[in-house]
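See structure below.
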2 protein chains.
Amino acid sequence: MPEAEFWYEFASSYSYPAAMRVEALAAERGVALAWRPFLLGPLFAAQGWRDSPFNLYPAKGRYMWRDLERICGALGLPLNRPDPFPQKSLLAARVALALDDAARPAFSRAVYRAEFGEGRPIDAPATLGALLAEIGVAPEPLLARAAEDANKAALKAQTARAMALGLPGAPCLTTADGEIFWGNDRLEQGFDWARAHGAAAGKEWA
Amino acid sequence: MPEAEFWYEFASSYSYPAAMRVEALAAERGVALAWRPFLLGPLFAAQGWRDSPFNLYPAKGRYMWRDLERICGALGLPLNRPDPFPQKSLLAARVALALDDAARPAFSRAVYRAEFGEGRPIDAPATLGALLAEIGVAPEPLLARAAEDANKAALKAQTARAMALGLPGAPCLTTADGEIFWGNDRLEQGFDWARAHGAAAGKEWA
């Protein structure tokens, strides 16, 4: 089965529609999907940015919000801007990483729905605990696990891998043969690539 | 008939596949298209950039070239990087603007084909003159017209209008109701919008 990795950042606006769409697209195309939460902060800092480029460059920011409004409108997704934008996403990323693989997608969607669907802050442990409870995970043990040094180190390592892969932003889809597809609008192309080239690679090995 | 404006910059890499596709898409969807060459330099300078963001931010640049390679591959368009990138595009933009509306698309495609298809520099009057001759326009009078103060002022005004519209980059499609669609990958969406909302606006006026 072809494989792809979905790289997302909870503060990233375009990661919201991507997270809502990505699982159905992977299933349609028969691609096995791994969810990879990471942090954009270190990537941005490496480019000299201390804030979201959508705040640093107002024309880009105005365009992004309108573009996102059209995208969410077409998908039937509610859109309410969180204040402030970007939200502090460190804790949400740690919680997402601490979860089992099977629970990570539902939790991640719940975070995005709260943040960009309802415009709610996502940095409080109580908020994230309530979202865990919603998806049937006991909040206290998971929040404790998220705060462990090993989990913090795992998120750092995952972010370092994102940088080593050369991800230019979030969301991204990456394939086993090293291709990067950046943006909610590249998901279909990324899955098509994974399918076409995953199959070709399989034949070469056989 | 619904209308749209196609905003492009000769130094812009993603404007190359967009320029090659845009006319057929407009025709398919029954949208009247105006070609609007402009300069990104003043937009970038307003954001504090003295070079292409694809050079300033290496991860973005590496991604863009690979992405463009995939896009051109899928479209059957040759791709050879001009050196240096970005090319000096001022003279090409002046020439494009000095042309009649009917000749502007063919000249613009010829410039992109030379620049990104063949990797040739596009800043020399002799090069642009040869491209004019290719499309059946006498080079000398047109190059003279391009150098006139009125034409230089018209390009400044067109670039000022791009900034006033809030274009975040190039290429863009803009519609009569003020929507912006940024990127080669947004052309279809932009034309669909122009068609859907152009028609709706027409009904309201009727």
Side-chain angles (χ1 to χ4, degrees), chain A residues 7 14 17 40 42-51 53-71 73-75 159 162-175 177-190 192-194 196-197, chain B residues 7 14 17 40 42-51 53-71 73-75 159 162-175 177-190 192-194 196-197:
Chain A
W7 297 84
Y14 283 115
L40 277 178
L43 274 78
F44 285 178
Q47 306 190 333
W49 297 333
R50 295 281 169 273
D51 192 358
F54 295 128
N55 291 341
L56 293 172
Y57 308 115
K60 281 191 70 159
R62 279 192 301 272
Y63 176 78
M64 179 276 286
W65 287 113
R66 176 59 184 144
D67 189 39
L68 191 64
E69 199 169 45
R70 289 187 306 231
I71 291 167
L75 295 170
T159 299
M163 292 180 78
L165 287 170
L167 303 195
C172 282
L173 211 64
T174 58
T175 59
D177 60 347
E179 295 289 330
I180 302 168
F181 298 87
W182 179 25
N184 168 63
D185 50 15
R186 288 291 198 284
L187 294 181
E188 285 84 350
Q189 187 193 4
D192 288 344
W193 186 282
H197 296 260
Chain B
W7 296 84
Y14 283 115
L40 278 178
L43 274 78
F44 284 177
Q47 304 189 334
W49 297 332
R50 294 281 169 273
D51 192 358
F54 294 128
N55 292 341
L56 293 172
Y57 307 116
K60 283 191 68 159
R62 279 191 302 270
Y63 176 79
M64 178 276 285
W65 286 113
R66 177 59 184 144
D67 189 39
L68 191 64
E69 199 169 45
R70 289 186 307 230
I71 291 167
L75 295 171
T159 298
M163 293 181 76
L165 286 169
L167 303 196
C172 282
L173 211 65
T174 59
T175 58
D177 60 349
E179 295 289 330
I180 302 168
F181 298 86
W182 179 24
N184 168 62
D185 51 15
R186 289 291 198 283
L187 293 181
E188 285 85 350
Q189 187 192 5
D192 288 345
W193 185 283
H197 296 260

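All heavy atoms count here, side chains included; hydrogens, waters and symmetry mates do not. Chain identifiers are assigned alphabetically (A, B, ...) following the order of the sequence lines, protein sequences preceding nucleic acid strands; residue numbering begins at 1 within each chain.
Considering every non-hydrogen atom in both B/W49 and A/Y57, the closest pair reads NE1-OH, 3.2 Å. Heavy atoms only, all atoms of each residue included: A/A59 and B/G166 are closest at CB-O, 4.2 Å.
Note that CD of B/Q189 and CG of A/D185 are 9.0 Å apart. Values are rounded to the nearest 0.5 Å. In this structure, the separation between CD on B/E179 and CZ on A/R70 is 5.0 Å, given to the nearest 0.5 Å. Taken to the nearest 0.5 Å, the NZ atom of B/K60 stands 12.5 Å off from the CG atom of A/L43. The CG atom of A/L167 lies 10.5 Å from the CZ atom of B/R62; values are rounded to the nearest 0.5 Å.
The candidate from A/P168, A/G48, A/G61 with the greatest count of non-hydrogen atom pairs under 4.5 Å with chain B is A/P168.
Residue A/I71 touches chain B through its side chain alone, counting heavy-atom pairs closer than 4.5 Å.
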